[in-house]
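This report concerns only the one structure given below.
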Number of protein chains: 2
Amino acid sequence: MSEATIGDVARRAGVSTTTVSRFLGGQQVRAADLIRAAVADLDYRPSPAARSLRSGRTRSIAVVVPDVTNPFFAAVVKGAEAVARRDDYHLFLSNTDEDVDREAAVLADLVGRVDGAILAPTVESDDAPLRAHQAGLPLVFLDREIEGSAMFDAVLVDNGGGSRQVAEHFLDLGHRRIAIVNGTMHSTPGRQRREAFLDALKVAEPQVHEEHGDFREQGGYQAVMRLLALEHPPTAIFVTNNLMTVGALRALHDLGVRVPDELSIVGFDDLDLAQLLMPPLTVVERPMEEQGALAMRLLLRRLRESDDVQARRIVLETKLVVRGSTARPRST
Amino acid sequence: MSEATIGDVARRAGVSTTTVSRFLGGQQVRAADLIRAAVADLDYRPSPAARSLRSGRTRSIAVVVPDVTNPFFAAVVKGAEAVARRDDYHLFLSNTDEDVDREAAVLADLVGRVDGAILAPTVESDDAPLRAHQAGLPLVFLDREIEGSAMFDAVLVDNGGGSRQVAEHFLDLGHRRIAIVNGTMHSTPGRQRREAFLDALKVAEPQVHEEHGDFREQGGYQAVMRLLALEHPPTAIFVTNNLMTVGALRALHDLGVRVPDELSIVGFDDLDLAQLLMPPLTVVERPMEEQGALAMRLLLRRLRESDDVQARRIVLETKLVVRGSTARPRST
DNA sequence: TTGAAAGCGCTAACAC
DNA sequence: GTGTTAGCGCTTTCAA
């Protein structure tokens with residue numbers, strides 16, 4: 001057991017606990033060497049609980065994501081953790097499983113337990129984050145927002161830009177029957193990717209089908225199954241997140257649809273093996289670990305500053321990476 | 001701010017703080033209804049810091065993994081988090097990046113900050129975990145062990161079984177020039193997978209090449225590059241983890257090697273897209289989220305019991321899933 | 001079943 | 001630059 005307390009150190013160094021506390025806090029102290037020695041001898045480690053109770057700060061940050069097994073969020077967590085560690089902060093992780101109630105419970109519970117949270121909210125219409133903030137939880141939004149989060153720091157991506165590039169790419173190739181597999185429309189990426197894509201298609205007035213998934217693999221699978229059961233199935237599909245793309249590819253595989261000969265497909269977010277598929281998958285990509293790292297930097301910075309500093313909002317670029325899963329439609 | 005303290009609640013309910021504390025702890029109390037109402041009215045939330053300071057417990061558990069972006073560890077974290085949440089525990093996450101020093105620092109730092117930790121140690125020869133345990137940190141080992149961890153709870157997998165199946169599969173197909181791409185030999189999975197594989201090959205005395213990676217993608221890539229530069233390259237390769245398998249596949253792709261016509265390949269741990277590759281990848285699989293969930297259950301159980309309960313060790317099965325990336329060698 | 005009182009280990013006023 | 005003192009919010013003796 002780490003038994004030694006600050007009192008033990010003080011006694012051994014022949015000073016008061018205050019002096020030890022000051023030394024620990026980085027202040028100038030005459031007995032620095034003695035204290036250092038006492039700390040080492042006793043293997044003294046300050047009690048985090050006592051510190052928190054007294055100071056009101058915990059030196060830990062929560063990261064609240066819908067699903068850590070989504071490679072995007074795993075990368076975000078990794079990036080955030082690295083930055084936190086460098087600043088001697090600890091990381092709490094919460095999985096909401098894309099469940100609003102769970103998210104609300106988690107946030108309420110986090111108040112007072114961490115100094116702040118990075119949040120990728122499940123839906124845009126929930127006000128649990130606002131309540132948590134009012135209860136004293138500094139918040140940075142990551143990748144997704146909620147109504148009324150404009151005054152918060154946020155690290156977002158240009159969903160519109162990437163989606164528009166996909167639309168233009170499809171049109172350039174000559175596709176006129178185009179489909180989009182949407183994620184949750186209540187989430188920022190779901191909404192933005194859809195809107196920008198549909199908007200960019202308008203210039204050519206193609207036939208557009210929409211299917212709604214839930215950002216999960218199953219959703220992508222079923223959506224594609226439905227699309228290809230249409231009398232005139234699309235010749236090009238934009239799948240708006242990575243997990244649904246996996247499901248979509250599985251569906252195409254099961255149906256024996258040849259890509260890109262019979263169908264062009266583009267995913268949002270790169271996948272580890274995307275380049276190794278036959279054909280290699282065309283995707284919209286964006287920096288992932290960096291997004292997490294930036295969010296953590298924003299949060300730590302805000303903790304240092306007064307709360308009334310203006311909201312900092314970072315929007316990262318997205319980029320269409322054309323590989324082999326898109327081609328001209330066969331009939332053209 | 002969550003301002004209300006237990007004193008406020010007590011006053012409002014007309015009882016002592018002791019009684020409120022007991023009520024909160026689940027004991028029978030006469031004024032239960034009044035207290036419940038006061039808690040609701042004041043939106044009272046107990047201070048975690050005060051609780052920890054007084055009780056010595058934090059109701060949080062750390063999970064220490066080499067890399068969250070490895071799908072296996074992401075799944076482990078998810079499984080562990082779900083179980084922890086159900087028991088009202090919080091989860092700290094630490095990434096060691098396969099770095100022993102970082103791991104040692106993390107563990108030392110965790111003492112007193114969490115009630116226990118689930119650890120997937122980087123190497124087998126480090127004693128930092130032992131020191132942390134002696135300092136009072138209950139530990140459960142996950143997937144990997146260290147020298148002297150036999151008295152600890154652990155959730156492992158039958159690395160030998162899966163690897164042996166791969167070896168037999170290769171031999172059955174008629175391969176006689178066989179290679180293994182090892183992970184870190186200082187880790188449990190690295191060592192066990194290698195030993196069982198080589199051992200099972202002995203019956204047929206094939207020509208065996210070994211390459212050493214580090215469980216990362218780059219390592220797999222380079223190992224395969226070296227193997228295929230040999231005068232008589234192998235006709236079958238066993239790659240001993242998922243990340244290295246991705247690298248290996250990338251190398252084969254870059255070299256234009258046709259699988260399984262020119263080369264058979266098997267990976268350890270399934271990948272999201274493994275079934276969609278051309279050909280679908282043959283792999284050794286095992287339950288992943290479950291491994292994390294079990295480790296968390298073991299740990300929570302140990303926290304409830306006295307420390308001298310005998311170590312519980314769970315070994316999960318591994319299974320070879322034959323898909324399309326293995327075939328008879330061409331020359332046969 | 002209840003309450004009074006002590007104290008977990010630390011930091012922040014405040015006085016020197 | 002240093003020490004004294006008080007107290008953060010809770011749980012846990014102890015006695016009733």
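Order of the sequence lines fixes the chain letters, A, B, ..., with proteins taken first and strands second; residue numbering starts at 1 for each chain.
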*With sequence neighbours excluded, give me every ring pair (Phe, Tyr, Trp, His ring centres under 6.0 Å) pair touching residues 109-138 of chain A.*
A/His133-A/Phe152
*asked:* For a quick check of understanding: with a heavy-atom distance under 4.0 Å over all strands, which category does A/Thr19 fall into, base, sugar-phosphate or nothing?
replied: sugar-phosphate
_Does A/Gln28 reach a base, just sugar-phosphate, or nothing at all? Heavy atoms under 4.0 Å._
sugar-phosphate
*May I ask you to check whether A/Thr58 and A/Asp115 show a side-chain donor-acceptor distance below 3.5 Å?*
yes
*Pair B/Thr19, B/Ser16: side-chain N/O donor-acceptor within cut-off below 3.5 Å*: yes
Within the structure, does a side-chain N or O atom of [X] lie under 4.0 Å from either OP1 or OP2 of [N]?
X	N	result
A/Arg51	C/dT11	yes
A/Ser47	C/dG9	no
B/Ser16	C/dG3	yes
A/Arg22	C/dT11	no

*When you measure from the side chain of A/Arg57, which nucleotide among C/dT2, C/dA12, C/dC10 comes out closest?*
C/dA12
*From the options C/dG3, C/dC10, C/dA12, select the nucleotide whose nearest atom is closest to the side chain of A/Ile6.*
C/dC10
*First and last nucleotide of DNA chain D in contact with chain A, 5' to 3', at under 4.0 Å to a heavy atom: what are they?*
D/dG1 to D/dG9
*With DNA chain C as reference, determine whether A/Ser55 or B/Ser55 sits nearer its 5' end, using the nearest nucleotide of each.*
B/Ser55
*Salt-bridge present (B/Glu98, B/Arg144; N to O < 4.0 Å)*: yes
*Is the closest basic N to carboxylate O distance between B/Arg131 and B/Asp127 below 4.0 Å?*
yes
*asked:* Would the base of C/dA4 count as contacting B/Thr18 through its side chain, where contact means a donor and an acceptor less than 3.5 Å apart?
replied: yes
*List in chain and number order the residues that pass side-chain contact (heavy atoms from CB on, under 4.5 Å) with B/Ser94, two or more places apart in sequence or in another chain; answer none if no residue qualifies.*
A/Glu81, A/Arg85, B/Val64, B/Val106
